[in-house]
Amino acid sequence: MSLFNSLTGRQEPFEPVDGAKVRMYVCGPTVYDEPHLGHARCYITWDVLYRLLKYLGYEVTYARNVTDVDDKIIARAEKEGVTPATITDQYYDHFIQAMRALNVLDPDSEPRATEYIQQMLEGIQVLIEKGAAYTTPDGSVYFRVHTKADYGKLSRKPLDDLKAGARVEVDSGKEDPMDFALWKGVSGDVINPSDMKWASDMKWASPWGWGRPGWHMECSAMNMAMFGPQIDIHAGGADLVFPHHENEIAQSEAWTGVTPFARYWLHNGFVNVSGEKMSKSLGNFATIGQVLARYDANTIRYFLLTHHYRMPVDFHDQALEGAQNRVVKLHRALKSAVQKLGLEEQTLFSSLVWPYAQKYGDDAWQVDFTAFNTAMMDDLNTPQALACLNRVIDGLNSTEFDAYPSPEEGLKRTLAVALALFHILGFSIAPLFQAEEALLPKDSLLDLYHAFHTEKAPENTPARDLLTSLIELRQLAKTTKNWSLADDIRNRLSAEAGIQLMDRKDGSTTWEKLPDHV
RNA sequence: GGCGGCAUAGCCAAGUGGUAAGGCAGGAGUCUGCAAAACUCUUAUCCCCCAGUUCGAAUCUGGGUGCCGCCUCCA
């Protein structure tokens with residue numbers, strides 16, 4: 001397993017400090033707004049890494065924090081006239097719903113910044129004692145950047161260059177423009193608690209007066225509390241490299257004296273929307289909910305995984321539809337095999353996938369499994385991993401299983417490998433077991449029923465029965481070689497109800513609900 | 001201005017010294033009453049341009065052009 005380490009700028013073999021134990025920390029969301037595609041990309045990427053590490057046998061402890069104290073939260077609360085906790089509860093809830101909808105595994109822990117104030121204060125105290133931080137008259141504490149000789153090592157920004165371009169802040173009380181806040185004093189604020197009741201929620205008592213933590217401090221404190229002075233993997237979006245991660249490194253290493261704070265720094269690339277960078281300031285961010293309304297979770301994941309995680313990704317419909325077309329085929333092949341074998345969702349992995357997937361080393365699909373592993377261990381080369389999945393799926397569709405003791409055995413082994421890859425990449429098997437009846441458009445089917453039948457449909461006829469009746473009518477038309485009627489029924493079902501009819505060799509007709517194009 | 005990244009077929013995208021993965025779309029065939037699905041075959045003499053290194057480069061070096069990002073909130 002090797003990973004591209006932002007700290008060294010190279011791809012390196014992955015070796016955890018403590019044998020098979022992996023301490024992995026990912027910067028979580030600031031919960032003040034709807035989760036967007038940037039979050040989807042980030043957390044799907046690290047979800048895949050988490051799944052892969054576990055699959056490879058590592059004992060992973062995955063922490064993903066929740067930033068629930070921040071100026072943006074306060075601003076939002078003020079704007080809406082509610083407490084900050086109302087905002088953070090609401091958007092945390094939305095975030096978790098989005099993650100579940102995207103089939104992102106829950107991390108092992110989700111520490112909240114507000115639960116670690118004490119640890120932050122302890123860390124800040126140590127930094128002051130070591131001379132790496134200083135207080136200002138307004139009750140703030142700043143990190144003294146020049147005391148950290150290797151400051152800038154992650155983002156490769158020499159301190160002098162940064163200073164040259166630093167924005168001048170007025171009345172900050174900082175010794176140096178590059179110094180950053182560990183603690184933001186609010187004692188000097190003119191806050192009338194009776195007017196702004198929420199203000200008390202975002203203030204904590206500290207040795208330097210009332211205040212709240214600076215942005216970066218929470219990650220250092222939570223890592224220290226959960227993992228100690230050094231972790232294996234620290235990941236997040238590329239936009240966090242500077243200043244967030246740079247400052248986190250500075251304060252953590254100055255605090256503990258242990259270097260490096262995180263041994264592997266991993267960063268995922270940006271998300272663009274129709275060619276433009278998605279950002280808060282541009283106001284063009286697409287929420288996860290908006291995209292999920294148009295494409296299913298597996299499509300979004302497939303689309304993201306066709307790109308290497310460090311490359312930028314551009315969300316636009318032509319590309320998304322390409323992914324959707326492929327995912328529909330994937331689902332169709334897997335669903336068909338699952339049905340042929342009469343498998344059940346709950347026992348799919350315990351009864352088939354894990355017992356079979358790696359058992360038969362001489363199977364053709366094992367070659368693809370090995371290639372898959374190689375690709376994934378090469379800095380998560382998911383595009384190549386998907387190529388392996390595609391080959392296995394093609395194999396699933398071809399009914400030739402001559403090399404196996406029986407066709408059923410061949411189908412089982414092939415499906416097991418396909419589903420293993422499917423699972424490691426984090427795709428959901430839910431669509432393979434989805435009852436399609438629930439997706440039938442009742443109104444359209446009723447209209448079509450009346451278009452082709454002279455009798456009115458009885459009250460409350462289930463959509464499924466309406467469809468069955470239309471299929472039977474078409475079967476009759478076919479037996480009398482009334483092709484125009486048969487074709488008419490088929491064409492209108494497709495055009496008006498999104499239902500594709502398929503005639504099988506044995507004379508029966510099956511159907512499939514086409515994806516909705518919103 | 002400083003730093004970094006990217007440029008591969010109609011579209012998306014791997015590969016990074018040995019002669020272009022995969023997907024979508026398109027074309028042909030098998031199957032079908034016709035379709036759909038599925039399968040098979042097919043679609044870049046070439047990887048932004050120029051020069052160089054090399055037996056050999058899309059892959060390395062130098063120069064150029066274009067696009068993007070970070071240096072400010074953002075995943």
Side-chain angles (χ1 to χ4, degrees), chain A residues 6 9 26-30 32-33 35-46 64 70-72 75 152 155-158 160-167 169 178 215 235-244 246 267-272 275-282 285 302-303 305-308 310-314 316-330 332-333 336 371 375 378 381-391 393-400 478 481-484 486-487 490-491 494 500-505 509-512 514:
Chain A
S6 303
V26 173
C27 282
T30 301
Y32 74 104
D33 207 347
H36 53 68
L37 287 179
H39 296 115
R41 190 352 190 202
C42 177
Y43 303 117
I44 284 174
T45 296
W46 308 123
R64 187 184 66 204
D70 183 271
D71 290 357
K72 296 186 291 293
S155 52
R156 273 172 267 286
K157 292 179 189 303
D160 290 343
D161 291 352
L162 283 170
K163 279 182 182 170
R167 283 156 177 74
E169 292 174 52
M178 286 318 299
W215 176 27
D239 48 343
L240 297 180
V241 172
F242 190 90
H244 182 54
E246 194 67 63
H267 294 98
N268 60 277
F270 286 108
V271 169
N272 295 322
E276 211 177 31
K277 188 207 168 185
M278 188 181 78
S279 74
K280 289 293 162 63
S281 52
L282 289 173
F285 67 93
Y302 186 95
F303 172 70
L305 298 184
T306 57
H307 304 70
H308 184 85
R310 286 190 284 109
M311 295 292 108
V313 154
D314 188 13
H316 62 273
D317 281 326
Q318 192 175 11
L320 250 347
E321 277 164 19
Q324 183 178 57
N325 288 342
R326 185 61 202 167
V327 167
V328 166
K329 291 177 187 180
L330 252 41
R332 191 145 52 206
S336 159
D378 179 15
N381 191 336
T382 53
Q384 271 194 351
L386 286 174
C388 299
L389 177 62
N390 283 327
R391 273 195 294 275
I393 295 290
D394 283 349
L396 204 55
N397 281 327
S398 66
T399 49
E400 317 274 328
K478 281 172 68 182
K481 297 200 193 303
N482 185 350
W483 306 127
S484 63
D487 291 351
R490 188 174 59 198
N491 293 339
S494 169
Q500 178 65 54
L501 295 188
M502 294 171 286
D503 294 335
R504 297 202 303 197
K505 271 187 180 171
T509 296
T510 59
W511 59 271
E512 188 177 86
L514 299 168

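Model, not experiment: these values are computed from the prediction. Within every chain, numbering begins at 1; the chains are lettered A, B, ... in the order of the sequence lines, protein sequences first and strands thereafter. Only heavy atoms go into these numbers, but all of them, side chains included; no hydrogens, no water, no symmetry mates.
For B/rU40 and B/rG4, the P atoms lie 47 Å apart once the distance is rounded to whole Å. Remark: the separation of the P atoms in B/rU19 and B/rC24 is 26 Å, to the nearest Å. Only the C1' atoms considered, B/rC47 is 13 Å distant from B/rA13, to the nearest whole Å. Taking atom P in both B/rA57 and B/rG52, one finds a spacing of 12 Å when rounded to whole Å. Taking atom C1' in both B/rC12 and B/rC31, the straight-line distance is 31 Å, to the nearest Å. Rounded to a whole angstrom, the distance from the P atom of B/rC46 to that of B/rU8 is 16 Å. Rounded to whole Å, the separation between the P atoms of B/rC60 and B/rA25 comes to 33 Å. Atom C1' of B/rC39 sits at a distance of 42 Å from the matching atom of B/rC68, rounded to the whole Å.
Classified by interplanar angle (parallel below 30°, tilted 30° to 60°, perpendicular above 60°), the ring pair A/His39/A/Tyr43 is parallel.
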- Between A/Trp46 and A/Asn268, is a side chain to side chain donor-acceptor pair (under 3.5 Å) present by the stated rule, with each step listed? CA-CA 9 Å; A/Trp46 308 123; A/Asn268 60 277; 3.2 Å; yes

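Across B/rA21, B/rC12, B/rC73, the shortest atom-to-atom separation from the side chain of A/Phe303 is found for B/rC12. Here the nucleotide nearest the side chain of A/Tyr302, chosen from B/rG23, B/rA14, B/rC70, is B/rG23. The listed nucleotides are B/rC73, B/rC11, B/rA75; the one nearest the side chain of A/Lys72 is B/rC73. Taking only side-chain atoms of A/Arg391, from C-beta outward, the nucleotide of B/rC12, B/rA21, B/rG23 with the closest atom is B/rA21.
With 3.5 Å as the limit, one finds a donor-acceptor pair spanning the side chains of A/Asp503 and A/Thr509. No side-chain donor from either of A/Asn397 and A/Arg332 sits under 3.5 Å from a side-chain acceptor of the other.
Side-chain atoms of A/Asn381 come within 3.5 Å of backbone N or O of A/Gln384 as a donor-acceptor pair. Side chain of A/His316 to main chain of A/Gln318: no donor-acceptor pair is present (N/O by atom type, distance under 3.5 Å, no hydrogens or angles). Distance alone, capped at 3.5 Å, places no donor-acceptor pair between the A/Gln500 side chain and the A/Ser494 backbone.
Base pairing annotation: B/rC70 forms a Watson-Crick or G-U wobble pair with B/rG2, both donor-acceptor distances under 3.5 Å. Pair check for B/rA58 finds none; no Watson-Crick or G-U wobble contact set falls under 3.5 Å. Under the Watson-Crick or G-U wobble criterion, with both distances below 3.5 Å, B/rU53 has no partner in any strand shown. A 3.5 Å limit on both hydrogen-bonding distances identifies B/rG64 as the Watson-Crick or G-U partner of B/rC48. With both pairing distances under 3.5 Å, B/rG10 is matched to B/rC24 as a Watson-Crick or G-U wobble pair. Under the Watson-Crick or G-U wobble criterion, with both distances below 3.5 Å, B/rA37 has no partner in any strand shown. Pairing of B/rC31, defined by two Watson-Crick or G-U wobble distances under 3.5 Å, is not identified with any nucleotide.
Contact check, A/His307 against B/rA13: a side-chain N or O comes under 4.0 Å of OP1 or OP2. Here A/Arg326 reaches the OP1 or OP2 of B/rC24: one of its side-chain N or O atoms lies under 4.0 Å away. Under 4.0 angstrom from either OP1 or OP2 of B/rG23 there lies no side-chain N or O belonging to A/Asn325.
In this structure, the CG atom of A/Leu305 is 18 Å from the P atom of B/rC12, given to the nearest Å.
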- Under a 4.0 Å heavy-atom criterion, the protein footprint on nucleotides 29-41 of chain B, written with B, S and -, is --S-BBBBSSS--

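Nearest-nucleotide positions on RNA chain B place A/His308 closer to the 5' end than the other of A/Val271 and A/His308.
Using a cut-off of 4.0 Å between Lys/Arg side-chain N and Asp/Glu carboxylate O, A/Asp487 and A/Arg490 are scored as salt-bridged.
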